[in-house]
Amino acid sequence: MKFGIIRERKNPPDKRVVLSPEACTQLLNQYNKASIAVESSDIRVFKDEEYLNSGLEIVNDVSDCDVLLGVKEVPIEALIPNKKYFFFSHTIKKQPYNRDLLKAILEKNIELYDHEVITAPEGYRLVAFGRYAGIVGAYNGFRTYGLKNDAFNLPKAENLPNQQALIDALNRIHLPNIKILLTGAGRVGNGAKEMLDAMHLKKVTVDEYINKTFEEPVYCQVDVLDYNKRKDGQLLNKEDFYQNPDAYQSDFMKFAKVTDFYIAGHFFGEGAPYLFTRDDAKSADFKIKVVADISCDIDGPIACTIRPSTIADPIYGYDPQTEKEIDYKAPKAIAVMAVDNLPCELPRDASEGFGEMFLKYVIPAFFNNDKDGILERARMTKDGNLTKRYEYLQDYVNGELV
């Protein structure tokens with residue numbers, strides 16, 4: 001089994017990689033029937049020399065590899081027919097901009113395994129960059145707070161080498177007695193929490209957060225039942241919320257009345273109530289002035305997130321009254337950080353973390369006859385057709401929805 005680490009070709013360039021030099025070495029030590037070729041790249045966070053120094057082969061042609069490993073979408077013209085590919089295809093939600101890519105994958109008889117659908121039998125994802133989105137998103141949020149309020153000027157995350165450097169920078173700033181709200185308790189939310197805890201910020205309960213004042217900055221991490229309530233007043237469990245989201249309404253305003261800085265690290269499920277609407281943001285009670293929207297659902301549950309922002313230009317302002325974009329420093333503006341590819345700003349750490357998960361959960365499936373169905377569940381295409389699990393994409397491939 002020969003694995004190929006492919007060069008990332010999508011623009012803007014992505015420095016991440018599925019397997020670091022150390023992860024490649026671990027793979028070869030564990031599986032004597034495996035070999036690895038690394039396609040030369042001048043943008044990858046790990047230089048060719050780092051792979052060479054680990055005894056790996058650097059090549060300009062990976063066409064003799066069985067399995068090709070990438071991060072972002074592979075441009076159509078770079079796809080090698082009749083191969084197995086792993087990358088984030090961004091097609092499972094019928095994204096219009098990648099329809100031609102999925103069509104080409106089928107025409108070229110490629111077996112596509114999408115990182116996003118590499119799951120355990122119970123359905124949860126096994127490999128993801130979410131933790132690093134949370135880490136960078138929280139950092140960028142504090143950077144936004146400092147710039148919005150002319151309080152401090154943190155360096156951009158992309159200019160720092162690793163998570164520890166981000167933490168060190170955060171620990172050099174002085175925060176006023178603000179209240180910070182964090183939604184989400186999954187990989188993203190807990191990645192953000194890592195940064196809040198590394199700053200030694202006091203974590204408080206929902207009741208304390210809403211009803212008490214503090215002489216120091218504090219944060220509160222909340223989950224879906226903290227900011228949603230059943231319309232009929234019943235107090236049930238999270239499972240009921242996931243099963244019946246339309247039976248719930250947002251209860252977020254109780255937090256918005258006391259929050260200075262909000263970090264959105266939740267997963268937003270279809271049918272769930274919006275956390276706050278454009279009308280909510282118009283309210284005189286709405287106090288939030290800085291939003292780090294890591295989830296980045298456009299025109300969705302966070303009303304002020306009207307577009308994604310970029311690593312180059314990460315902050316914009318939202319005027320709640322006009323519902324339009326304005327200078328984020330304007331007094332009436334909510335400053336919004338909504339970068340949608342945050343892990344790219346911490347490429348070395350993100351690649352190392354992703355590689356650990358890929359080695360643990362995915363690579364064994366190639367050598368144990370896929371006994372847990374890891375590959376089977378993630379395989380979107382085979383023999384020029386969509387696999388059964390992904391047949392729902394056929395009308396999308398046919399162009400019937402475009």
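- A donor-acceptor contact closer than 3.5 angstrom is absent between the side chains of Thr91 and Asn98.
- Rounding to the nearest 0.5 Å gives a distance of 5.5 Å between CD of Gln163 and CE of Met195.
- Ring pair His115/Phe354 is perpendicular by interplanar angle, where above 60° counts as perpendicular and below 30° as parallel.
- Taking SG from Cys24 and CD1 from Ile36, the interatomic distance works out to 4.0 Å, rounded to the nearest 0.5 Å.
- At least one side-chain heavy atom of Phe367 sits under 4.5 Å from a side-chain heavy atom of Met1.
- For the pair Glu50 and Arg348, the salt-bridge criterion is met [side-chain N within less than 4.0 Å of a carboxylate O].
- For the pair Leu126 and Met357, the minimum side-chain heavy-atom distance is 4.5 Å or more.
- At a threshold of 4.5 Å between non-hydrogen side-chain atoms, the residues Lys193 and Leu182 count as touching.
- In this structure, Tyr145 and Asn149 have side chains that are in contact, with non-hydrogen atoms separated by less than 4.5 Å.
- In this structure, Arg389 does not pair ionically with Glu376, as no charged nitrogen and carboxylate oxygen lie closer than 4.0 Å.
- A salt bridge links Arg9 with Glu39: the closest approach of a Lys/Arg side-chain nitrogen to an acidic carboxylate oxygen falls below 4.0 angstrom.
- Under a cutoff of 6.0 Å and an axis angle of 45°, Arg16 and Phe129 form a cation-pi pair.
- A distance of 5.0 Å separates CD1 of Ile263 from CZ of Phe142, quoted to the nearest 0.5 Å.
- In this structure, the side chains of Val222 and Phe255 come closer than 4.5 Å at one or more pairs of heavy atoms.
- With hydrogens and angles ignored, the 3.5 Å screen pairs a side-chain donor or acceptor of Ser250 with a backbone N or O of Phe252.
- Residues forming a side chain to side chain donor-acceptor pair (under 3.5 Å) with Tyr139 (at least two apart in sequence, or on another chain): none.
- No more than 12 heavy atoms of other residues, nucleotides or ligands lie within 6.0 Å of CZ in Phe267, so this atom counts as exposed by the packing criterion.
- Within the 4.5 Å cutoff, the side chain of Val62 has no heavy atoms near those of the Ile5 side chain.
- Look at Glu111 and Arg379 and you find a salt bridge, because one of the NZ, NE, NH1 or NH2 atoms lies within 4.0 Å of a carboxylate O, short of that distance.
- The CG atom of Asp251 lies 10.5 Å from the CE atom of Met253; values are rounded to the nearest 0.5 Å.
- Side-chain contact between Ile374 and Thr119: absent, with no pair of heavy atoms (C-beta onward) separated by less than 4.5 Å.
- Within the cation-pi definition used here (under 6.0 Å to the ring centroid, within 45° of the axis), Arg230 qualifies as a partner of Tyr248.
- Side-chain contact between Tyr318 and Ile326: absent, with no pair of heavy atoms (C-beta onward) separated by less than 4.5 Å.
- A donor atom on one side chain and an acceptor atom on the other are found under 3.5 Å apart for Asn398 and Glu400.
- Side-chain N/O atoms of Glu49 and Tyr51 include no donor and acceptor closer than 3.5 Å.
- Under 3.5 Å, the side chains of Gln26 and Gln30 contain no donor-acceptor pair of N or O atoms.
- Atom CG of Asn109 and atom CD1 of Ile105 lie 11.5 Å apart (nearest 0.5 Å).
- Between Lys203 and Asp197 there is no salt bridge, since no side-chain N of the basic residue sits under 4.0 Å from a carboxylate O of the acidic one.
- Scored by the side chain to side chain donor-acceptor pair (under 3.5 Å) test, Lys287 finds Asp260 as partners (sequence neighbours excluded).
- With respect to Asp14 and Lys72, a salt bridge is recorded, a charged nitrogen being found less than 4.0 Å from a carboxylate O.
- For the atom pair CD1 of Ile302 and CG of Asp293, the computed distance is 5.5 Å after rounding to the nearest 0.5 Å.
- Of the possible donor and acceptor atoms, none in the side chain of Asp327 sits under 3.5 Å from a partner among the backbone N and O of Tyr316.
- The backbone N or O of Gly184 sits less than 3.5 Å from a side-chain atom of Gln221, completing a donor-acceptor pair.
- Side-chain N or O atoms of Ser283 include none that pairs as donor or acceptor with a backbone N or O of Asp279 at under 3.5 Å.
- Lys94 has a carboxylate O that lies under 4.0 Å from a charged side-chain N of Asp395, or vice versa, which qualifies the two as a salt bridge.
- Considering Lys282, Arg278, Lys332 as possible partners of Asp319, the one that fulfils the salt bridge (charged side-chain N to carboxylate O under 4.0 Å, His left out) test is Lys332.
- Within the 3.5 Å criterion, the main-chain N or O of Met380 finds a donor-acceptor partner in the side chain of Thr387.
- Salt-bridge annotation for Lys15 and Glu8: absent, with no side-chain N of the basic residue lying under 4.0 Å from a carboxylate O of the acidic one.
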